[in-house]
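These numbers come from a predicted model, not from an experiment.
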Amino acid sequence: MTPSSTIDASESKSQAFPKTLPSRMAAPPFAAALRRHLLLPHRYSLLPSRHISRSTAHPLSDESDFECDQPLPPAPDDDDGGGELSSFLHRVSHASSVASSPKEALSLLLSSSPSSLPPPPASPSLLVRALWELRRDPEAAALAIRWGEYCSASSGAEGAGSPPAEAWHLAIWAAGKAGRFDLAWAAVRRMLHRGVLTRRAMIIVMERYAAASELEKALKTFDVMEKFKVQADQAVFYSLLRALCKSKNIEDAEELLLMRKKFFPLTAEGFNIILDGWCNIIIDVAEAKRVWKEMSSYCITPDGTSYTLMVSCFSKVGNLFDTLRVYDEMKKRGWTPGIGVYNSLVYVLTRENCMKDAKKIFSKIIDEGLQLNVETYNSMIIPLCESCKLDEARIMMGDMIMKGIVPTILTYHAFLKQEGVDETLQLLRKMKENGCGPNSDTFLMLIDKFIQANESGNALRVWNEMIRYDISPAYSHYMAVIQGLVKHGCIPRALEYYDEMKAKGFASDPILDREFKTFLLANRDHWRGAGKYNLIPQRSKHFTRRT
C-alpha cells in the first residue's frame with residue numbers, strides 16, 4: 001500500500017469522510033453557543049468596508065500565492081514572438097479534448113509531427129506560463145505537466161529530469177481548485193517518485209481541501225506528510241490553521257490548535273492566526289475578545305501582531321474607545337505601532353467624525369519615520385464617502401495624487417457607491433485612463449446600487465457600459481439585472497436578459513422559471529406582436545426593446 005492510500009481511497013468514496021471535523025473537533029463552548037447566531041447571512045451586510053489589509057505576516061512559501069486571478073508577468077528568458085506559447089496551449093487543449101484517456105492524449109502530443117508543429121517548449125518559465133493559462137482546465141493542466149515532465153526528462157540538458165517546482169505547484173493548485181483531487185494527488189505521487197516533492201505542494205493540497213470544506217481530508221493530508229517524506233513541522237501546522245480560517249472554519253482551527261498543543265506548543269503566533277480569522281475574515285469583536293482572554297488563560301503574552309489585529313478589529317466596527325484603549329496598551333507594553341495600526345486609527349477617527357485627530361495621525365506617521373501609503377488615504381477617503389462628504393474625500397484624493405500615491409480600485413469604488421449615474425460614467429472613464437479598472441466587481445456593485453435605488457434604467461446604462469469596457473457579464477451580473485427588473489415590474493425586459501443568460505450556458509433559476517411561467521400564462525393573449533413590450537408602462541427610454 002502506498003503512503004497516499006489513506007487519502008486516495010477517499011477520492012472514489014468521498015462519503016467515507018464527513019463534511020466537517022468529528023465531534024472531538026467541536027467548537028469551544030462559548031463559540032459553539034453563539035455560532036448559529038453570529039454567522040447568519042444578515043450580519044455581513046452590517047459590516048464596514050474591509051479596506052484595511054490583513055496584518056498577520058507569514059512566509060510566502062507556506063501558502064498558495066495563486067489566489068489572485070492576475071496573469072503572470074512575462075519571464076525575462078521567454079521569447080514568445082513566434083507564438084510558441086499559443087502553439088503549446090493549442091496542442092495541449094486539442095489533445096485533451098479529442099483523446100479518450102490521459103495516456104492517449106500524451107501519446108497524441110508525443111506523436112505530433114515536428115515538421116508541421118513547433119517542438120515542445122524547453123523553457124521552464126514558458127511551461128509555468130502555459131499552466132497558468134490552463135488553470136481553469138485541470139485536465140489540460142495535468143496533461144501539460146506530464147508533457148513538460150517527459151520533455152524535461154528527454155532533453156538531455158544538465159539538471160534535467162523534472163519540470164520546475166512552480167509548474168508542479170500550479171498543476172496541483174488548478175486541480176484542487178476544480179475539485180479534481182485525483183489529479184492533484186497524481187501530481188504529488190509523481191513528484192515523490194522523482195524526488196522533487198516540496199512542502200509547499202502538500203500545503204496547497206491542504207488549502208484546496210479546506211477551501212472545498214473537506215476539513216477532515218485537509219487534516220489527513222497534514223497527518224500523512226511524514227509518509228511522503230515531507231516534514232510536518234510547526235510552520236506547516238500553522239499553514240493548515242490559516243487554511244481553515246480562510247475557509248471560515250475558525251472555530252475548528254482553534255480547537256485543532258488546542259488539541260495539538262502537546263506536539264506544537266502554544267505560542268502568540270498560533271493564537272494570532274485565530275485572531276486574524278475573527279478580526280479580518282469574519283469580523284466578530286466578541287469572538288476576538290474571547291480568544292484574547294484565552295491567550296491569557298494559557299499564559300501567552302500578546303505580541304505586536306496581536307495588538308495590531310485587535311486595533312484593526314475594533315476600528316472596523318467603529319469602536320473608537322476600545323481602539324484607542326488597545327493602542328495605548330500596545331505602546332505601554334513596548335510594541336511599536338506599524339503603519340497598519342495608524343491606518344486603523346485614521347479610519348475609526350474619520351468614521352466617528354474626529355477629523356482633526358485623524359489628520360494629526362498623518363503627521364504622526366511621518367514623525368515616526370513611516371511612509372504614508374494608499375491604505376492610509378483610503379482609510380480616510382472611504383469613511384468620508386460613506387458619510388456622503390464627497391468634497392472632503394476629493395480633497396484627500398487630490399492630496400494623495402500630489403504626493404505621488406496612486407489611487408487603487410477601492411478608492412474609486414468608495415466614490416462610485418455615492419455618485420449619480422453621470423458622475424459614475426465619468427469616474428469609469430477616469431479609472432480606465434489611469435489603468436485602475438473598472439473590473440467585473442465594479443459593475444456588479446453599480447448594478448446593485450442602482451437597482452436598490454429603484455433606478456433600473458440607470459442599471460441598464462451601467463450594463464451597456466460594461467459591454468463597452470469588454471467585460472463579459474457573469475452569472476451574478478445577469479441575476480442582479482433580472483431580479484431587479486422583475487422586482488420593479490419590468491418582466492418582459494427581464495425575460496430578454498434571462499433568455500440571453502441561458503443562451504450563454506448559465507444555469508436557469510427555478511424561482512425565476514416559475515415567475516416567468518406564471519407571467520406568460522397570465523398574459524398569453526398579449527404576448528405577441530407589436531404590443532409585446534407594452535404590457536407594463538415604460539418609465540424611461542432605457543426600457544425600449546433592444547436591437
Side-chain angles (χ1 to χ4, degrees), residues 20-40 43 47 52 54-58 62 210 215 218-219 222 233-317 319 321-335 337 340-341 344:
T20 58
L21 296 178
S23 56
R24 60 186 177 87
M25 291 287 294
F30 180 71
L34 294 179
R35 183 174 191 174
R36 294 296 180 187
H37 172 69
L38 294 177
L39 300 185
L40 287 175
R43 283 183 58 83
L47 299 178
I52 301 175
R54 294 171 60 180
S55 306
T56 301
H58 46 270
D62 290 344
L215 308 187
L219 181 57
F222 174 79
D233 57 13
Q234 191 169 43
V236 180
F237 179 63
Y238 285 167
S239 295
L240 173 60
L241 296 181
R242 292 188 191 98
L244 294 175
C245 289
K246 186 176 181 180
S247 61
K248 296 184 174 64
N249 295 289
I250 306 169
E251 292 153 332
D252 295 318
E254 182 182 350
E255 188 70 8
L256 181 60
L257 174 71
L258 299 178
M259 283 179 57
R260 298 291 178 100
K261 63 183 178 182
K262 291 184 179 180
F263 302 99
F264 305 107
L266 299 176
T267 63
E269 182 182 0
F271 274 104
N272 287 343
I273 296 172
I274 310 303
L275 268 180
D276 182 54
W278 292 121
C279 293
N280 289 309
I281 298 172
I282 298 177
I283 306 173
D284 193 308
V285 174
E287 287 295 298
K289 287 181 176 180
R290 181 188 59 78
V291 174
W292 187 270
K293 292 179 180 178
E294 195 81 1
M295 293 175 68
S296 177
S297 67
Y298 284 100
C299 300
I300 302 298
T301 303
D303 60 12
T305 301
S306 310
Y307 282 102
T308 300
L309 289 168
M310 292 302 292
V311 168
S312 172
C313 188
F314 284 126
S315 72
K316 287 177 181 178
V317 297
N319 189 331
F321 175 80
D322 282 329
T323 301
L324 297 177
R325 178 182 58 81
V326 175
Y327 167 70
D328 289 337
E329 183 180 329
M330 179 183 188
K331 292 192 298 180
K332 289 178 182 178
R333 296 282 185 177
W335 298 105
V341 172
S344 297

Please round to the nearest 0.5 Å and tell me the distance separating atom [atom1] of [X] and atom [atom2] of [Y].
{"X": "S315", "Y": "L324", "atom1": "OG", "atom2": "CG", "answer": "10.5 Å"}
{"X": "I282", "Y": "I250", "atom1": "CD1", "atom2": "CD1", "answer": "4.0 Å"}
{"X": "L244", "Y": "R242", "atom1": "CG", "atom2": "CZ", "answer": "11.5 Å"}
{"X": "Q234", "Y": "L241", "atom1": "CD", "atom2": "CG", "answer": "9.5 Å"}
{"X": "L275", "Y": "C313", "atom1": "CG", "atom2": "SG", "answer": "8.5 Å"}
{"X": "K248", "Y": "I281", "atom1": "NZ", "atom2": "CD1", "answer": "7.5 Å"}

Does F263 have any side-chain contact (heavy atoms from CB on, under 4.5 Å) partners at least two apart in sequence or in another chain, and if so, which?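 If we apply the side-chain contact (heavy atoms from CB on, under 4.5 Å) test to F263, skipping adjacent residues, the hits are R260.
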Sequence neighbours left out, what passes side-chain contact (heavy atoms from CB on, under 4.5 Å) with R333? Give chain and number order. Y307, E329, W335
List for me each residue that meets side-chain hydrogen bond (donor to acceptor under 3.5 Å, both in side chains) alongside S306, sequence neighbours excluded, and say none if there are none.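 Only N272, D303 meet the side-chain hydrogen bond (donor to acceptor under 3.5 Å, both in side chains) criterion with S306.
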Which heavy atom of [X] sits nearest a heavy atom of [Y], and at what distance?
{"X": "A210", "Y": "N249", "value": "O-ND2, 4.5 Å"}
{"X": "L257", "Y": "F237", "value": "CA-CZ, 4.1 Å"}
{"X": "S312", "Y": "S344", "value": "CA-OG, 3.5 Å"}
{"X": "P337", "Y": "M330", "value": "CA-CE, 3.8 Å"}
{"X": "D322", "Y": "R325", "value": "OD1-NE, 3.0 Å"}
{"X": "C279", "Y": "K316", "value": "O-NZ, 3.5 Å"}

Please output the side-chain donor-acceptor pairs of residues 291-298 that fall under 3.5 Å, not counting sequence neighbours, one pair per line with the distance.
unit_1: S297; atom_1: OG; unit_2: E294; atom_2: O; d: 2.6

Is a donor on one side and an acceptor on the other found under 3.5 Å between the side chain of E269 and the backbone of T305? no
Spell out, as yes or no, whether a donor-acceptor pair under 3.5 Å connects the side chain of D233 to the backbone of V236. yes
Could you please spell out the steps behind the side chain to side chain contact (heavy atoms under 4.5 Å, CB included) verdict for E251 and W278? CA-CA 9 Å; E251 292 153 332; W278 292 121; 3.7 Å; yes
Under 4.5 Å between any side-chain heavy atoms of Y238 and T267, yes or no?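 Contact flag for Y238/T267 side chains = yes.
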Test ring pair (Phe, Tyr, Trp, His ring centres under 6.0 Å) applied to Y327 - qualifying residues, sequence neighbours left out: none
